[in-house]
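Worksheet: one structure, shown below.
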Amino acid sequence: PISCLGGFTKDAYKFVDYLAKWHQDYWQVLPICPRDSHGSPYDSPASMEIDPEYGSKAKWLELKKYANKNGIKIIGDISFFVGKGSKECLNNKDLFITDQLSGTPQDAYNRRNGQFWGQYQYNWEKIEETGFKFFLDRFKSAMELYDLIRLDHFRGYEAVWSIPKKYRSGRKGKWVRVPGEKLFQKANKVFGHLPFIAEDLGVITTQVEVLRKEFGFLGTQVVQFGDVKEKDVVYYTSTHDSPTLVGFTGKKRAKKLIEKVLNSDAKIKMITVQDLLLLDNSARFNRPGTIRDNWNWKLNIKLLETVDPKTNPWFQA
């Protein structure tokens with residue numbers, strides 16, 4: 001994540017240099033929009049803008065150009081929901097249902113209570129009446145910034161878990177259908193090829209998989225949750241929401257799981273920098289459903305010198 005590098009800084013360029021040195025093809029970042037008061041970029045006050053603490057849009061595009069010149073494509077990220085107090089929400093009040101809030105039922109991250117995020121649900125009837133302009137604008141903005149785009153909470157493009165406003169737990173809610181197929185059909189007509197990766201973790205149904213495959217989006221899988229079963233996925237050692245591999249299973253087993261990811265048939269294999277450096281959960285980035293001590297981890301760029309691709313391709317003992 002850009003926040004780990006302090007923005008579009010010299011360290012960010014050094015990070016690109018390391019990726020090029022290691023003959024990598026992709027660098028995945030979290031949303032580079034302003035973060036909320038807890039540090040999360042997924043509940044941003046302005047999800048289509050650049051965090052001014054990182055730098056300007058022009059500076060980001062310079063960094064992206066540098067990465068592309070070195071053979072590295074940027075995988076960006078676009079949130080599904082937007083913050084209740086965000087510019088997008090305040091300027092489009094008729095597109096939201098304010099007495100129904102966002103979250104998930106019980107899942108791998110919180111098996112007891114699910115997750116409660118608290119953003120307003122979309123009024124999909126109104127959004128469809130406008131030709132899906134709200135989402136098309138968000139897609140266009142992301143396409144200007146990234147080469148590939150991870151659609152956070154892709155499951156929400158098929159159905160959302162809607163929680164009545166009086167509750168504060170993912171245990172209370174119901175599934176509501178979403179016209180995702182119509183949205184992506186419209187986006188295909190407007191943009192042509194859609195460079196999307198579907199973040200399809202959690203409660204995934206046949207309908208969600210059908211939607212993903214209909215439009216040819218890569219899916220996602222995390223080695224902590226199981227084996228990769230298809231080639232058309234991005235296979236992760238861990239994510240910004242999960243424990244680090246060492247925190248999950250210990251250093252010895254973590255090395256084996258990294259090798260498992262690298263030796264898989266997945267289209268793209270992704271190692272978080274924390275796993276590359278075999279860091280424990282003191283380097284964990286986020287714990288879903290909590291608001292304290294998240295999104296704060298910083299990378300000491302000098303640690304990357306310990307990774308010697310000649311003698312040990314991916315990690316140090």
Side-chain angles (χ1 to χ4, degrees), residues 1-6 28-45 47 51 53 75 77-84 101-119 150-156 160-161 163 167-173 199-204 220-226 234-251 253-254 257-258 261 270-300 303:
I2 289 296
S3 62
C4 297
L5 298 166
Q28 181 165 341
V29 299
L30 297 186
I32 58 176
C33 54
R35 293 164 288 170
D36 69 8
S37 59
H38 303 295
S40 171
Y42 292 101
D43 197 23
S44 174
S47 67
D51 189 332
E53 294 184 8
I75 300 177
D77 200 317
I78 181 170
S79 63
F80 180 77
F81 292 106
V82 296
K84 289 189 289 189
L101 305 180
S102 64
T104 69
Q106 294 93 326
D107 61 11
Y109 292 119
N110 194 322
R111 298 184 185 279
R112 181 178 181 182
N113 294 315
Q115 298 181 48
F116 177 79
W117 301 330
Q119 297 103 334
R150 171 187 174 274
L151 296 181
D152 184 60
H153 192 53
F154 179 78
R155 200 258 177 273
V160 291
W161 186 248
I163 304 169
Y167 297 117
R168 289 294 182 271
S169 168
R171 290 174 64 90
K172 302 288 186 177
E199 187 269 331
D200 52 351
L201 303 173
V203 183
I204 302 304
T220 55
Q221 181 60 274
V222 182
V223 73
Q224 296 182 29
F225 300 156
V234 183
Y235 200 18
Y236 293 86
T237 58
S238 59
T239 75
H240 61 276
D241 281 335
S242 72
T244 67
L245 266 184
V246 170
F248 173 70
T249 192
K251 185 175 289 188
R253 178 63 178 160
L257 290 179
I258 292 174
V261 170
M270 191 65 64
I271 305 174
T272 66
V273 72
Q274 294 99 321
D275 293 341
L276 177 68
L277 296 170
L278 292 175
L279 302 179
D280 61 23
N281 272 345
S282 63
R284 181 171 178 169
F285 208 56
N286 179 53
R287 291 170 175 80
T290 68
I291 59 175
R292 299 183 64 183
D293 301 323
N294 292 324
W295 314 105
N296 294 322
W297 182 77
K298 297 292 189 290
L299 171 65
N300 180 349
L303 289 177

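The first residue in the sequence is number 1, and the count goes up from there. Just so it is clear, the model here is predicted, and its values are computed rather than measured.
Contacts of Ser169 classified as side-chain hydrogen bond (donor to acceptor under 3.5 Å, both in side chains), with partners at least two apart in sequence or in another chain: none. With sequence neighbours excluded, no residue forms a side-chain hydrogen bond (donor to acceptor under 3.5 Å, both in side chains) with Ser44. Residues that satisfy the side chain to side chain contact (heavy atoms under 4.5 Å, CB included) test with Ile163, not counting sequence neighbours, are Phe116, Trp161, Tyr167. For Asp36, there are no salt bridge (charged side-chain N to carboxylate O under 4.0 Å, His left out) partners, not counting sequence neighbours. Evaluation of the salt bridge (charged side-chain N to carboxylate O under 4.0 Å, His left out) rule for Asp51 yields Arg35 as partners, not counting sequence neighbours. Not a single ring pair (Phe, Tyr, Trp, His ring centres under 6.0 Å) links Tyr235 to another residue, sequence neighbours left out.
For Pro41 against Pro31, the heavy-atom pair with the smallest separation is CB-O, 3.6 Å.
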Apply side-chain contact (heavy atoms from CB on, under 4.5 Å) to the pair Phe248 and Asn281, showing each step before the final yes or no. CA-CA 8 Å; Phe248 173 70; Asn281 272 345; over 6 Å; no
_Show, in sequence, the C-alpha distance, side-chain angles and deciding distance for Leu279 and Trp297, and conclude whether the side-chain contact (heavy atoms from CB on, under 4.5 Å) test is met._
CA-CA 11 Å; Leu279 302 179; Trp297 182 77; 3.6 Å; yes
Could you walk me through whether Phe81 and Asp152 satisfy the side-chain contact (heavy atoms from CB on, under 4.5 Å) test, starting with their C-alpha distance in whole Å, then the side-chain angles of each, then the deciding distance to 0.1 Å, before giving a yes or no?
CA-CA 9 Å; Phe81 292 106; Asp152 184 60; over 6 Å; no
Assess whether side-chain contact (heavy atoms from CB on, under 4.5 Å) is satisfied between Gln119 and Asp43, documenting all intermediate values. CA-CA 8 Å; Gln119 297 103 334; Asp43 197 23; 3.5 Å; yes
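The closest donor-acceptor contact from the side chain of Glu199 to the backbone of His153 lies under 3.5 Å. A donor-acceptor pair under 3.5 Å is formed between the side chain of Gln274 and the backbone N or O of Ala283. Listed for the Asp200 side chain is a donor-acceptor partner under 3.5 Å among the backbone atoms of Thr220. Checking side-chain atoms of Ser79 against main-chain N and O of Val82 turns up no donor-acceptor pair under 3.5 Å. Side-chain atoms of Gln224 come within 3.5 Å of backbone N or O of Pro243 as a donor-acceptor pair. Panel note: side chain Asp241, backbone Thr239; no donor-acceptor pair is recorded below 3.5 Å.
Within the 4.5 Å cutoff, no side-chain heavy atoms of Ile258 are placed close to those of Val223. Phe80 has its side chain out of reach of Arg155: every pair of non-hydrogen atoms, C-beta onward, lies at least 4.5 Å apart. Counting heavy atoms from C-beta outward, Thr237 and Met270 have side chains that stay 4.5 Å or more apart. Under the 4.5 Å side-chain criterion, counting only non-hydrogen atoms from C-beta, Val29 is not in contact with Ile75. Contact annotation: the side chain of Ile2 never approaches that of Leu30 to less than 4.5 Å [non-hydrogen atoms, C-beta and beyond].
How far CD1 of Ile271 is from CG of Leu257: 11.5 Å, rounded to the nearest 0.5 Å. Interatomic distance, CG of Asp77 versus CD1 of Ile32, reported as 11.0 Å (0.5 Å rounding). In this structure, the separation between CG on Leu278 and NZ on Lys251 is 6.0 Å, given to the nearest 0.5 Å. To the nearest 0.5 Å, the span separating CG on Asn300 from CG on Leu5 amounts to 11.0 Å. For the atom pair Phe154 CZ and Ile78 CD1, the distance stands at 13.0 Å (nearest 0.5 Å). Rounded to the nearest 0.5 Å, atoms CG (Asp293) and CZ (Arg284) are 12.0 Å apart.
Using modelled atom types and a 3.5 Å distance limit, the side chains of Asp280 and Ser282 yield a donor-acceptor pair. Side-chain polar atoms of Ser238 and Thr244 form no donor-acceptor pair below 3.5 angstrom. Residues Thr272 and Asp275 bring a donor and an acceptor atom of their side chains to less than 3.5 Å of each other.
A tilted orientation is assigned to the rings of Trp295 and Tyr42, their planes being inclined by 30° to 60°.
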